[in-house]
Protein chains: 2
Amino acid sequence: MNAAAEDEPRPDLAAMIVPLGRALMADEQPVLDAHGLSMWGYVVLSALGETPVRTQAALAAAINADKTRIITVLDDLESRDLLVRRPDPKDRRARLLSLTPEGRRLRDSVRDEIQRREESWLGRLADADRESFLRSLRTLSDAARRSPEP
Amino acid sequence: MNAAAEDEPRPDLAAMIVPLGRALMADEQPVLDAHGLSMWGYVVLSALGETPVRTQAALAAAINADKTRIITVLDDLESRDLLVRRPDPKDRRARLLSLTPEGRRLRDSVRDEIQRREESWLGRLADADRESFLRSLRTLSDAARRSPEP
DNA sequence: TATTGTTATACTCTATAACTATA
DNA sequence: TATAGTTATAGAGTATAACAATA
């Protein structure tokens, strides 16, 4: 039994979640390195897979990134034939973004490796907690996406 | 029911956790601002409260920060009489760190406000999930602290 | 020589503002 | 004029290396 257990306040949520996020990212970095992908590169590939995106600004918004920040990422991915940018015929200012088959393959295999590593993290949880944890995480993550970040 | 639910892979853990951490921090920033505290300042006050720390290096390690990074933070907190640094008589290289009563008071009131805000996040969870979520989060957070970050 | 705290410097990430091309 | 994309610049945050004091 803990000596001062009664006085111990619970740790702040952020104080647990932020370092956990960092540790997860650090754990995934070797996978990305092995495929020559940056974190943002992978995020972009993932976001394009789920929903076809019609403008770079929309893509940036979807992944909570600055629109200027993803440009070099897109340049790199395009130069490696993982995605294509072509002007929208209806509005030639906009760029239609789509994954190439190769981009899709890369995204899938990286995601598989990453999620396999994540499984080993989830393996630390009690079986009864695991599903509940993922459900809660989805709920909070959705709430976070909706919360207005100035 | 979701159209393509069967094909939909679960989002990466990191892709949910990292933005959630950012949103929590953004949500807490106004509280810190109101008390003139930086995020690291608050982290230091919190860490000092829980366990008395005998060296700055130990403190830095405890909060997963670079030892050089907390120095200006300590300077600021000390100048505001929230903590004191005094040379350890047994090893005058080391600085014994302790909160002043004022530092303790500030830490407590900021923590109360922050945790009150966090409660409104947790309020989104199903009652049955809440306890499980916090337990799982503690488990993973502990694991993250142990994981060796190069 | 090794360690604690510190300072100075460099590097990475991110945001802001200005430019182009289309509309 | 307004918007999509782009480029250039500046700022914050972080890490690396070098230093002084003490052991």
Side-chain angles (χ1 to χ4, degrees), chain A residues 14-15 18-19 21-23 25-26 28-29 32-33 37-44 47-48 52-79 83-98 148-150, chain B residues 14 18-19 21-23 25-26 28-29 32-33 36-44 47-48 52-79 83-98 148-150:
Chain A
V18 173
R22 279 192 233 269
M25 276 178 46
E28 297 174 2
Q29 195 62 52
L32 298 172
D33 290 346
L37 269 184
S38 69
M39 185 67 65
W40 283 112
Y42 173 62
V43 170
V44 164
L48 282 181
V53 178
R54 290 176 317 281
T55 76
Q56 295 181 187
L59 172 62
I63 62 180
N64 267 308
D66 196 281
K67 72 177 175 181
T68 66
R69 217 165 56 200
I70 63 174
I71 291 188
T72 55
V73 177
L74 293 174
D75 288 345
D76 173 61
L77 295 176
E78 190 176 33
S79 76
L83 63 78
V84 288
R85 280 191 276 207
R86 63 186 186 85
D88 184 343
K90 294 177 189 165
D91 180 349
R92 304 227 317 280
R93 291 174 302 182
R95 304 275 173 271
L96 298 170
L97 302 170
S98 56
E149 286 191 61
Chain B
V18 173
R22 278 192 233 270
M25 275 178 47
E28 297 173 1
Q29 195 62 52
L32 297 172
D33 290 346
L37 269 182
S38 69
M39 186 67 65
W40 283 113
Y42 174 61
V43 170
V44 165
L48 283 181
V53 178
R54 290 176 316 281
T55 75
Q56 295 182 186
L59 172 63
I63 62 180
N64 266 307
D66 196 282
K67 72 177 174 179
T68 65
R69 217 165 57 200
I70 63 173
I71 291 188
T72 53
V73 177
L74 293 174
D75 288 346
D76 173 59
L77 295 176
E78 191 177 31
S79 75
L83 63 79
V84 287
R85 280 191 276 208
R86 64 186 184 86
D88 183 344
K90 295 177 187 163
D91 180 349
R92 304 227 317 279
R93 291 174 301 182
R95 303 276 173 270
L96 298 171
L97 302 170
S98 57
E149 287 192 61

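Proteins get letters first, then strands, A, B, ... in listed order; numbering begins at 1 in each.
Between B:Ala94 and A:Pro89, the residue anchored closer to the 5' end of DNA chain C is B:Ala94, taking for each the nucleotide with the nearest heavy atom. Along DNA chain D, the nucleotide closest to A:Ala58 and the one closest to B:Asp91 are compared, and the more 5′ of them pairs with A:Ala58.
Here B:Leu37 contributes atom CG and B:Glu28 contributes atom CD; the two are 12.0 Å apart, rounded to the nearest 0.5 Å. Taking OG of B:Ser38 as the reference point, atom CG of B:Leu32 lies at 7.5 Å (rounded to 0.5 Å). Rounding to the nearest 0.5 Å gives a distance of 7.5 Å between CD1 of A:Ile63 and CZ of A:Arg69. Taken from OG1 in A:Thr55 to CG in A:Asp91, the straight-line distance is 10.0 Å, to the nearest 0.5 Å.
Side-chain contact between B:Val73 and B:Val43 is absent, with no heavy atoms from C-beta onward closer than 4.5 Å. B:Arg54 has its side chain out of reach of B:Asp88: every pair of non-hydrogen atoms, C-beta onward, lies at least 4.5 Å apart.
Checked against side chain to side chain donor-acceptor pair (under 3.5 Å), A:Arg85 has the following partners two or more places apart in sequence or in another chain: A:Gln56, A:Asp75, A:Glu78.
Note on B:Arg85: only backbone sugar-phosphate atoms sit closer than 4.0 angstrom, heavy atoms only; bases stay farther off.
In this entry the distance linking CD of A:Gln56 with P of C:dA21 reads 16 Å, nearest Å. Rounded to an integer number of Å, the gap from CG of B:Asp88 to P of C:dT4 is 12 Å.
Bounding nucleotides for the chain A contact on DNA chain D, 5' to 3', at a heavy-atom distance below 4.0 Å, are D:dA2 to D:dT7.
Taking all atoms of both residues into account, the shortest heavy-atom contact from A:Ile70 to A:Ala65 is CG2-CB, 4.1 Å.
Phosphate contact (OP1/OP2 of C:dT14, side-chain N/O of A:Trp40, threshold under 4.0 Å): present.
Of all the residues in residues 66-74 of chain A, A:Asp66, A:Thr68, A:Arg69 reach under 4.0 Å from DNA chain C with at least one non-hydrogen atom.
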